[in-house]
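These notes concern the structure reproduced below.
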Number of protein chains: 2
Amino acid sequence: MLDTAPLSDSSNLALGRLRALLDEGSFDAGQRLPPERVLAAQIGIGRRALRRALEVLEAEGRIWRHQGKGTFLGPRPVHSPTGIEELSSRTNPLEVMDVRLEIEPALARLAALRASNGDTERLLRIADKIASSTDADALELWDGALHRAIAEAAGNTLLLAIFDMVDRVRQDVGWQVLRERARSRDRQSAYVEQHRRVIAAIAQREAHAAEQAMREHLELVRDGLLKVMTRPPLNEQKLSSVTLPNSKDKLRHGT
Amino acid sequence: MLDTAPLSDSSNLALGRLRALLDEGSFDAGQRLPPERVLAAQIGIGRRALRRALEVLEAEGRIWRHQGKGTFLGPRPVHSPTGIEELSSRTNPLEVMDVRLEIEPALARLAALRASNGDTERLLRIADKIASSTDADALELWDGALHRAIAEAAGNTLLLAIFDMVDRVRQDVGWQVLRERARSRDRQSAYVEQHRRVIAAIAQREAHAAEQAMREHLELVRDGLLKVMTRPPLNEQKLSSVTLPNSKDKLRHGT
DNA sequence: TACGATACCATTTGCAAATTGGTTCGCTTT
DNA sequence: AAAGCGAACCAATTTGCAAATGGTATCGTA
């Protein structure tokens with residue numbers, strides 16, 4: 001028990017009354033208590049004293065409060081993250097790459113098994129676009145399009161939704177710098193070749209080969225990401241006047 | 001071109017005027033057109049004739065309409081499903097099982113690699129609960145708790161979020177019947193034994209064994225589901241309509 | 001029969017009001 | 001002087017309602 005500043009008299013009174021109310025089960029579990037103003041009047045104390053008592057109960061985990069909603073009994077319900085923003089604030093690039101390494105090889109395998117001819121044609125068209133792209137931005141776009149086209153070709157609605165969710169997290173603010181740095185020029189050729197292999201395997205219905213090719217590709221991407229993360233500074237020094245667009249203004253998207 | 005019922009005179013007039021408006025670029029792309037009532041007055045025709053013309057344009061993909069929103073130019077924007085309800089209306093139990101077969105073995109493997117001692121203790125405790133459960137409902141609850149505890153033990157926030165998403169879809173209305181039937185009594189013992197194997201492998205840090213055990217478990221669950229789905233009546237004559245599963249056409253859930 | 005006009009239904013949007021916890025200020029009481 | 005009470009105000013949330021808009025049905029008219 002950590003005795004912090006002791007409560008004043010009337011607050012203690014309120015605390016006792018509240019504990020009595022809670023213990024006697026006057027209110028159902030998970031139920032919302034009356035508004036503070038009402039409750040204070042019922043007990044016969046001021047709102048401030050009541051609030052101090054509620055703070056204690058909240059710290060004890062017996063109640064939880066939220067502005068605009070009310071005061072509720074029981075532990076605060078676990079917040080199942082449904083928003084992308086919140087999710088991406090709780091994860092990190094390495095976790096994302098781990099997930100991609102679990103999901104996307106499976107997607108490639110399924111695509112090899114179930115892709116329609118139209119799907120494969122679309123993949124080949126995107127591959128052409130990638131090969132003929134010079135701009136870094138354009139390449140990034142077509143790369144994303146390729147991965148998603150494979151996910152679509154896999155023909156599983158739920159898996160596609162999962163892929164989109166991971167992709168939104170991946171594209172969320174904060175990691176653009178990393179992604180761009182990870183795309184070092186010398187790796188680009190390797191990426192293109194790996195893409196080619198994945199698409200070829202899918203087109204030829206070689207499920208295992210497609211899965212393996214995608215896994216190798218993502219492992220290379222992950223390694224590139226790791227190298228960048230472990231050496232964040234990347235000082236200019238010798239590369240001062242190199243074309244490097246300095247990652248533009250993509251930083252600071254939000255406030 | 002499929003000539004359906006030819007439009008009447010004034011509808012054809014409206015169609016011509018509308019095409020002219022769209023072609024001349026009076027409205028920006030993606031812009032909302034004036035309300036039907038206004039547009040009809042501007043052109044000088046009735047609303048019914050206008051609507052017939054709009055139907056044609058919508059079928060051509062040049063516009064799209066939505067009740068309460070308006071009429072918009074261009075192709076209907078792709079709807080990225082974000083709600084569980086919508087997602088579960090677009091998928092089916094087989095897809096969900098396929099996804100679980102991709103995700104959960106990976107979770108078991110990661111759990112074997114990264115579970116804390118507290119995690120394994122928790123798994124064992126849940127296993128006890130399962131073994132000592134007789135009620136079908138209680139068993140269902142503890143089964144879900146076990147799978148989620150494994151997902152938590154894997155220690156990847158994003159993967160856990162994905163697991164929760166799949167789980168919400170799985171628990172969504174409409175499939176309870178299937179799930180309950182799939183839990184035939186004779187399979188229960190097999191399930192318990194498989195759970196035990198998964199937990200043991202995780203506790204002993206045998207990653208590959210944990211992955212394999214989880215895969216075998218889910219495959220058995222999937223097989224049970226398949227058997228139930230291909231024989232929905234359950235009470236009628238033995239196998240009157242044994243039209244082999246033909247697993248491709250997935251039972252239609254949406255309209 | 002085709003067309004227009006009107007009315008009504010269903011869905012979406014927008015906004016204002018009410019509710020509620022969070023905070024500050026002034027006054028009274030001890 | 002410190003504590004408590006009441007009031008007022010702020011911020012977040014919910015609720016209710018009206019307006020806008022596409023969807024549909026009905027009726028009158030040429």
Side-chain angles (χ1 to χ4, degrees), chain A residues 4-18 27 30-77 79 82-83 85-86 255, chain B residues 4-18 27 30-74 76-77 79 82-83 85-86 89 255:
Chain A
T4 57
L7 297 178
S8 52
D9 291 349
S10 73
S11 293
N12 252 325
L13 173 68
L15 191 52
R17 296 251 193 130
L18 279 177
F27 306 98
Q31 190 72 19
R32 196 181 71 182
L33 271 67
E36 291 182 356
R37 294 166 175 83
V38 176
L39 202 53
Q42 284 183 357
I43 300 182
I45 58 174
R47 200 171 149 222
R48 172 131 49 126
L50 172 67
R51 284 182 55 72
R52 270 201 291 250
L54 290 177
E55 285 174 18
V56 175
L57 292 177
E58 185 175 31
E60 289 177 359
R62 305 192 51 167
I63 65 169
W64 64 276
R65 305 177 286 174
H66 188 71
Q67 183 172 334
K69 284 186 177 177
T71 304
F72 302 83
L73 271 68
R76 184 184 303 269
H79 192 12
T82 176
E85 298 285 342
E86 188 178 351
T255 55
Chain B
T4 57
L7 297 177
S8 53
D9 292 349
S10 71
S11 294
N12 253 325
L13 171 68
L15 193 52
R17 295 254 192 128
L18 279 177
F27 306 98
Q31 190 74 17
R32 197 183 71 183
L33 271 69
E36 292 182 355
R37 293 164 175 83
V38 176
L39 202 53
Q42 284 182 358
I43 300 182
I45 59 175
R47 198 170 153 225
R48 176 142 41 137
L50 171 65
R51 283 182 57 73
R52 272 202 289 249
L54 289 177
E55 284 173 20
V56 176
L57 292 177
E58 186 176 30
E60 291 176 358
R62 303 192 53 166
I63 66 171
W64 63 277
R65 303 176 288 173
H66 188 70
Q67 182 171 335
K69 286 185 175 177
T71 305
F72 301 84
L73 273 66
R76 184 184 304 268
H79 192 11
T82 176
E85 297 286 339
E86 187 176 353
S89 75
T255 55

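Reminder, nothing fancy here: chain letters follow the sequence lines and each chain counts from 1.
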- Query: For Arg47(B), does the CZ atom have more than 12 heavy-atom neighbours from other residues, nucleotides or ligands under 6.0 Å away?
  - Reply: yes
- Message: Can you confirm whether more than 12 heavy atoms, excluding those of Arg62(B), are under 6.0 Å from its CZ atom?
- Response: yes
What is the distance, rounded to the nearest whole Å, between atom [atom1] of [X] and atom [atom2] of [N]?
X        : N       : atom1 : atom2 : answer
Arg51(B) : dC9(C)  : CZ    : C1'   : 13 Å
Ile43(B) : dA5(C)  : CD1   : P     : 13 Å
Lys69(A) : dT15(D) : NZ    : P     : 11 Å
Leu54(A) : dT20(C) : CG    : P     : 14 Å
Arg32(B) : dT12(C) : CZ    : C1'   : 11 Å
Ile63(B) : dT21(D) : CD1   : P     : 15 Å
Leu50(A) : dG22(C) : CG    : P     : 11 Å
Glu36(B) : dA10(C) : CD    : P     : 17 Å

Please confirm whether the shortest side-chain N or O distance from [X] to OP1 or OP2 of [N] is below 4.0 Å.
X        : N       : value
His66(B) : dT12(C) : yes
Thr71(B) : dG22(D) : yes
Arg52(B) : dC3(C)  : yes
Arg48(A) : dA3(D)  : no
Arg65(A) : dG22(C) : yes

- Contact nearer the 5' end of DNA chain C, comparing Glu55(A) with Gln67(B): Gln67(B)
- Which nucleotide in dA12(D), dG23(D), dG4(D) has an atom nearest any side-chain atom of Arg47(B): dG23(D)
- Selected nucleotide, minimal atom distance to Ala49(A) side chain, candidates dT12(C), dG21(C), dC5(D): dC5(D)
- Query: Rounded to the nearest 0.5 Å, how far does CD1 of Ile45(B) lie from CG of Leu18(B)?
  - Reply: 7.0 Å
- Hey, does the side-chain of Arg37(A) have a donor or acceptor N/O within less than 3.5 Å of a partner on the base of dG6(D)? no
- Heavy-atom side-chain proximity of Leu54(A) to Glu36(A) below 4.5 angstrom: yes
- So Arg17(A) and Gln42(A), side chain to side chain contact (heavy atoms under 4.5 Å, CB included) or not? Walk me through it. CA-CA 11 Å; Arg17(A) 296 251 193 130; Gln42(A) 284 183 357; over 6 Å; no
- Query: Gly68(A) near the nucleic acid: base, sugar-phosphate alone, or nothing, with a heavy-atom cut-off under 4.0 Å?
  - Reply: base
